[in-house]
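Counting begins at 1 with the first residue of the sequence. Since the model is a prediction, treat every value here as computed from it, not as a measurement.
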Amino acid sequence: MTVALMWEARAAEGRGAELLAWVREQRLPEEPSRREVLRAPQDRVLVITWWDAPYDAELPELPEPDGALVTRAVHRWRFESVADDWS
């Protein structure tokens with residue numbers, strides 16, 4: 001099974017580049033099978049990591065950044081892949 005962990009934060013005013021740099025510096029104790037970093041308006045940063053693991057597996061996640069760097073607590077979601085059989 002493939003599990004995707006999503007991590008999303010909104011930077012404090014004018015600190016989007018700093019939040020993005022902070023995210024890129026973060027290392028996990030284990031490497032996911034895939035990791036993607038995205039950004040959006042309002043200085044939001046999204047990180048998605050994919051893992052070959054059961055849905056409820058204990059997986060490493062990115063930490064909370066320093067409170068002065070963000071406007072609110074990080075949002076986190078967990079998803080599992082589903083079969084691609086639309087017919």
If we only count heavy atoms from C-beta on, is the I48 to L38 side-chain gap below 4.5 Å? yes

Let me confirm one number: the CZ-CD distance from R10 to Q42, rounded to the nearest 0.5 Å. 4.0 Å

Separation between CG (L46) and CZ (R39), nearest 0.5 Å, reads 13.0 Å

Heavy atoms of W77 and E8 approach each other most closely as CZ3-CB, 3.7 Å

Would a hydrophobic clustering, with Ile, Leu, Val, Met, Phe, Trp and Tyr connected at side-chain separations under 4.5 Å, put M6 with L28? no

Please report the C-alpha distance between R76 and L5 in whole Å, then the side-chain angles of each, then the deciding distance to 0.1 Å, and finally whether the side chain to side chain contact (heavy atoms under 4.5 Å, CB included) criterion is met. CA-CA 7 Å; R76 300 170 192 272; L5 301 182; over 6 Å; no

Evaluate the criterion side chain to side chain contact (heavy atoms under 4.5 Å, CB included) for residue pair L19 and D43; output intermediate values, then yes/no. CA-CA 8 Å; L19 177 60; D43 290 330; over 6 Å; no

Derivation and outcome, side chain to side chain contact (heavy atoms under 4.5 Å, CB included), residues R78 and L59: CA-CA 11 Å; R78 183 177 285 228; L59 298 169; 4.1 Å; yes

Would you mind reporting whether W22 and E18 have side-chain heavy atoms less than 4.5 Å apart? no

Taking C-beta and beyond as the side chain, do W50 and P32 meet within less than 4.5 Å on heavy atoms? no

Can you list the steps and then say if M1 with Y55 is a side chain to side chain contact (heavy atoms under 4.5 Å, CB included)? CA-CA 8 Å; M1 168 183 291; Y55 183 82; 3.9 Å; yes

Among all residues two or more places apart in sequence or in another chain, which pass the salt bridge (charged side-chain N to carboxylate O under 4.0 Å, His left out) test with R24? none

Tell me whether V70 shares a hydrophobic cluster with V23, the cluster being built from Ile, Leu, Val, Met, Phe, Trp, Tyr side chains joined at under 4.5 Å. yes

Closest heavy-atom pair and its distance - P60, P29: CB-CD, 3.7 Å

Is it true that F79 and L62 fall in one hydrophobic cluster, defined by side-chain heavy atoms closer than 4.5 Å? no

Check for a donor-acceptor pair, side chain of E64 on one end and backbone N or O of V74 on the other, with a separation under 3.5 Å. yes

For R44, does the CZ atom have more than 12 heavy-atom neighbours from other residues, nucleotides or ligands under 6.0 Å away? yes

Hey, could you give me the CG/OG1 distance between D52 and T2, rounded to the nearest 0.5 Å? 5.0 Å

Ignoring hydrogens and geometry, is there a side-chain-to-backbone donor-acceptor pair from W7 to P63 under 3.5 Å? yes

